[in-house]
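Below: the structure, in structure tokens.
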Amino acid sequence: MAKEPVRVLVTGAAGQIGYALVPMVARGVMMGPDQPVILHMLDIPFAAEALNGVKMELIDAAFPLLKGVIATTDVAEACAGVNVAVMVGGFPRKEGMERKDVMSKNVSIYKSQASALEKYAAPNCKVLVVANPANTNALILKEFAPSIPEKNITCLTRLDHNRALGQVSERLNVQVSDVKNVIIWGNHSSSQYPDTCHATVSTKDGEKSVPALVNDDEWLRGPFIQTVQQRGAAIIKARKLSSALSAASSACDHIRNWVLGTPEGTWVSMGVYSDGSYNVPAGLIYSFPVTCKNGEWSIVQGLSIDDFSRKKMDATATELTEEKALAYSCLN
């Protein structure tokens with residue numbers, strides 16, 4: 001028996017990430033190869049014509065799983081009945097802008113979109129915030145959509161997680177599919193902590209620890225961390241545009257694992273509402289290692305944390321606490 005279509009909202013759908021993301025959703029990369037979808041695409045009035053062009057291309061691509069497309073500049077229409085919301089739209093930081101100016105713009109956007117999700121989205125809607133500052137945008141969204149469970153509001157650090165997997169794969173000259181259980185702790189910013197302490201590689205002789213195989217703590221604690229932290233800036237320098245393909249792909253990975261589960265023995269990184277695990281202040285949206293089952297995520301517990309990791313984890317928590325205070329000051 002055919003499955004009922006799932007309604008997936010993509011905001012900022014006419015932008016670069018949105019343009020890369022919507023065909024992936026329509027092809028089944030996000031929700032699974034047998035799950036029909038109805039795409040809800042939202043953008044600002046200025047982008048209405050481009051958004052209609054994206055709709056035309058989706059129709060022209062004749063995706064078998066795509067059962068409908070709504071392209072709109074009306075936030076209520078966009079949010080009506082959605083089961084999954086991928087919040088790509090946001091106000092980017094422009095040259096000469098202070099952090100508070102960017103935060104103020106995004107607080108306004110996320111307050112409005114949260115209110116629409118609160119009013120019109122399906123019960124138990126799952127939300128992924130992609131637009132930066134992703135962690136704090138997710139926190140604001142949570143404030144203004146109180147009936148959406150806090151466990152259903154997340155932000156994207158899977159891009160950083162995938163970047164970390166890629167760097168280990170390149171360094172060891174192994175398939176990226178053989179590397180698992182890196183961790184991104186904290187903020188989706190340059191303060192994030194990419195951690196390989198518990199990561200492993202599948203080899204013909206069984207699973208081996210990444211630190212043991214790399215055998216270079218100086219690289220793991222220096223260039224590796226810096227490369228992952230600064231990868232977005234490096235791509236902008238090379239492409240003259242920000243990450244789009246990789247961001248869209250990792251958003252699909254995030255939702256797919258959340259909905260369909262993580263493989264046994266594997267965890268992924270998600271920005272989720274902190275419950276105080278690992279002495280991270282409760283009430284922040286912070287990236288943790290998680291496993292997913294039956295549509296629910298759980299923070300991986302009991303991992304050993306060395307002094308180096310503790311300092312890095314605390315530093316990114318401090319930045320998030322400051323961001324939270326800045327965002328809340330913009331609400332007044």
Side-chain angles (χ1 to χ4, degrees), residues 6-12 21 30-31 40 42 75 78-90 103 106-161 184-189 192 247 250-259 268-277 280-299 317 320-321 323-324 327-328 330-331:
V6 169
R7 292 181 179 270
V8 178
L9 166 65
V10 176
T11 73
L21 177 58
M30 177 179 282
M31 302 304 301
H40 291 227
L42 175 69
V75 69
C79 292
V82 297
N83 308 103
V84 173
V86 185
M87 316 302 283
V88 177
M103 194 70 76
N106 280 293
V107 163
S108 171
I109 292 167
Y110 276 82
K111 185 176 174 182
S112 157
Q113 293 185 350
S115 300
L117 285 170
E118 169 78 9
K119 197 167 180 184
Y120 301 110
N124 214 32
C125 175
K126 287 179 162 55
V127 182
L128 167 61
V129 176
V130 175
N132 289 322
N135 301 58
T136 301
N137 284 343
L139 201 58
I140 294 300
L141 193 147
K142 181 193 147 316
E143 285 294 315
F144 290 95
S147 71
I148 297 178
E150 61 190 32
K151 285 201 79 168
N152 280 24
I153 296 174
T154 64
C155 83
L156 186 71
T157 56
R158 182 60 174 271
L159 177 55
D160 310 297
H161 181 98
I184 303 297
W185 297 102
N187 199 1
H188 175 61
S189 76
Q192 65 176 260
S250 58
C252 288
D253 291 343
H254 176 113
I255 297 288
R256 186 178 63 253
N257 282 142
W258 190 1
V259 171
V268 294
S269 301
M270 286 171 63
V272 299
Y273 197 65
S274 172
D275 60 358
S277 292
V280 171
L284 297 176
I285 300 273
Y286 187 100
S287 183
F288 289 95
V290 303
T291 55
C292 304
K293 190 175 184 180
N294 301 324
E296 300 282 339
W297 56 262
S298 302
I299 295 172
L320 279 169
T321 303
E323 266 190 26
K324 179 180 179 179
Y328 279 61
C330 297
L331 293 173

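FYI, side chains are in, hydrogens and waters are out, and symmetry mates aren't considered; it's all heavy atoms of this structure. We number each residue from 1, following the sequence as shown.
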Tell me if a side-chain donor or acceptor on N106 pairs with a main-chain N or O of N137 at a distance below 3.5 Å. no

So does Y328 have more than 12 non-hydrogen atoms from other groups sitting under 6.0 Å from OH? yes

Verdict with reasoning, V82 to L117, per side chain to side chain contact (heavy atoms under 4.5 Å, CB included): CA-CA 8 Å; V82 297; L117 285 170; 4.0 Å; yes

Side chains of F144 and Q113: does their closest heavy-atom pair fall under 4.5 Å? no

Any donor-acceptor pair under 3.5 Å linking the side chain of S250 with the backbone of A247? yes

Just how far is it from atom NE2 of H254 to atom NE2 of H161, taken to the nearest 0.5 Å? 12.0 Å

Looking at K111, I'd like to know if its NZ atom is crowded, meaning that more than 12 non-hydrogen atoms belonging to other residues, nucleotides or ligands lie closer than 6.0 Å. no

Donor-acceptor check, side chain of N83 to backbone of V6, threshold 3.5 angstrom: yes or no? no

In a table with atom names and distances, give each donor-acceptor pair under 3.5 Å that connects a side chain of residues 282-289 to protein atoms at least two apart or in another chain.
unit_1	atom_1	unit_2	atom_2	d
Y286	OH	M313	O	3.0
S287	OG	T157	OG1	2.7
S287	OG	I184	O	2.6

Before giving the answer on side chain to side chain contact (heavy atoms under 4.5 Å, CB included), spell out for I148 and K126 the whole-Å C-alpha distance, their side-chain angles and the decisive distance to 0.1 Å. CA-CA 8 Å; I148 297 178; K126 287 179 162 55; over 6 Å; no

What one should report as the nearest heavy-atom pair of E323 and P133 is OE1-CB, 3.7 Å

For residues 148-161, the salt bridge (Lys or Arg N to Asp or Glu O under 4.0 Å) pairs (sequence neighbours left out) are D160-R163

R256: salt bridge (Lys or Arg N to Asp or Glu O under 4.0 Å) partners, not counting sequence neighbours: D253

Calculate, to the nearest 0.5 Å, the distance between atoms SG and OH belonging to C155 and Y273 respectively. 13.5 Å

Answer whether the closest heavy-atom distance between the side chains of L9 and C79 falls below 4.5 Å. yes

Rounded distance (nearest 0.5 Å) linking atom SG of C292 with atom CD1 of I255: 10.0 Å

If you look at every heavy atom in M270 and W258, which pair is closest and at what distance? CE-CD2, 4.1 Å

Closest non-hydrogen atom pair between A114 and A145, with its separation: O-CB, 3.6 Å

Examine distances only and state if a side-chain atom of Q192 and a backbone atom of S189 form a donor-acceptor pair shorter than 3.5 Å. yes

Dump the intermediate steps for side chain to side chain contact (heavy atoms under 4.5 Å, CB included) on V127 and L141, then the final yes or no. CA-CA 9 Å; V127 182; L141 193 147; 4.1 Å; yes

On a heavy-atom basis, the closest approach of S274 and V280 is OG-O, 3.2 Å

In terms of heavy-atom contacts, C330 and V107 come closest through CB-CG2, 4.2 Å

